[in-house]
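Below is one structure, written out as C-alpha cells; the observations come after it.
We number each residue from 1, following the sequence as shown. Every heavy atom of this structure was used, including side-chain atoms; hydrogens, water molecules and symmetry mates were not.
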Amino acid sequence: MTNLSKKLGEMNFDGLFTDVAPAVQVRGGTIRKQTTSAVTLKRGTILAKSYGTAGDGKLVVLGTAAVSNETLTPDCILCDDIEVGTADDEKVAVYTAGCFDIGKVTVSASYTITEGDKDNLRMRGIVFKAAAAAN
C-alpha cells in the first residue's frame, strides 16, 4: 500500500510574504554585473530597473546611484540569494507582484525606502503590509 503521509521535505518560514492578495507573480530579470567586486544579494532585496537614454533595462539594488541620463525606478523583489560577479550579468527570478513585509525586504545599505518607492512598487502590483503578531 502507498504511504500517503510520508514527509517529503522541510520549509523554513522567513516572513517575507504577509498575505495571499495580491497574488504572487514571478518573472525573469537580469541583474547588472558589479563594477568593483562580487556581491551576494539576499532574497527580498528590492531591485530597480534602469531606464532613460543611458538605461540598459537591467536591474540594480534600490538605492544604487544612477549614471548620467539614467533613471532607476523601483521594479521588483529578488526571489532567491544570488552572487553577482564582475564578469557577467546574472539572470534571476524576481517577484513582480505580491504582499510583502516591509521589515523583511532590503535595499542598499545607505538608502531608506521612500513613500514614492512604495507607490512605484504598488503600481506594479507589489504592496507592503506588516505581519500580524502571533498569539
Going by side-chain heavy atoms closer than 4.5 Å, which hydrophobic residues are tied to I77, directly or by a chain of links?
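Cluster partners of I77: L16, F17, V24, V26, I46, L62, Y95, F100, I102, V105, V107, Y111, I113, L121, I126, F128.
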If you link ILVMFWY side chains whenever their heavy atoms are less than 4.5 Å apart, which other residues fall into the same cluster as V67? By chain and number, please.
none
Working to the nearest 0.5 Å, report the span between OH of Y51 and OG1 of T73.
6.0 Å
Using side-chain heavy atoms (C-beta onward) and a distance below 4.5 Å, is [X] in contact with [Y]?
X: T36; Y: T86; answer: no
X: T45; Y: R43; answer: no
X: D75; Y: R124; answer: yes

Backbone N/O of [Y] and side chain of [X]: donor-acceptor pair under 3.5 Å:
X: S50; Y: D56; value: yes
X: R32; Y: L59; value: no
X: D117; Y: T114; value: yes

Hey, are D14 and K104 close enough for a salt bridge, meaning a charged N less than 4.0 Å from a carboxylate O?
no
Salt-bridge contact K42-E83 (side-chain N to carboxylate O under 4.0 Å):
no
Before you tell me yes or no, could you show the steps for K129 and D101 under salt bridge (Lys or Arg N to Asp or Glu O under 4.0 Å), namely the whole-Å CA-CA distance, both residues' side-chain angles and the distance that decides it to 0.1 Å?
CA-CA 5 Å; K129 179 170 82 172; D101 185 341; over 6 Å; no
Might you point out which heavy atoms bring [X] and [Y] nearest each other, and give the distance in Å?
X: A54; Y: S68; value: CB-O, 3.1 Å
X: A38; Y: G85; value: CB-CA, 3.9 Å
X: V127; Y: P22; value: CG2-CD, 3.4 Å
X: L78; Y: A93; value: CD1-O, 3.9 Å
X: K33; Y: D89; value: N-OD1, 2.8 Å
X: T64; Y: V61; value: OG1-O, 2.6 Å

Between V84 and Q34, does a side-chain contact (heavy atoms from CB on, under 4.5 Å) hold up when you go through it step by step?
CA-CA 7 Å; V84 181; Q34 298 296 301; 4.0 Å; yes
V60 and L47: same hydrophobic cluster, using ILVMFWY side-chain contacts below 4.5 Å?
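Different hydrophobic clusters.
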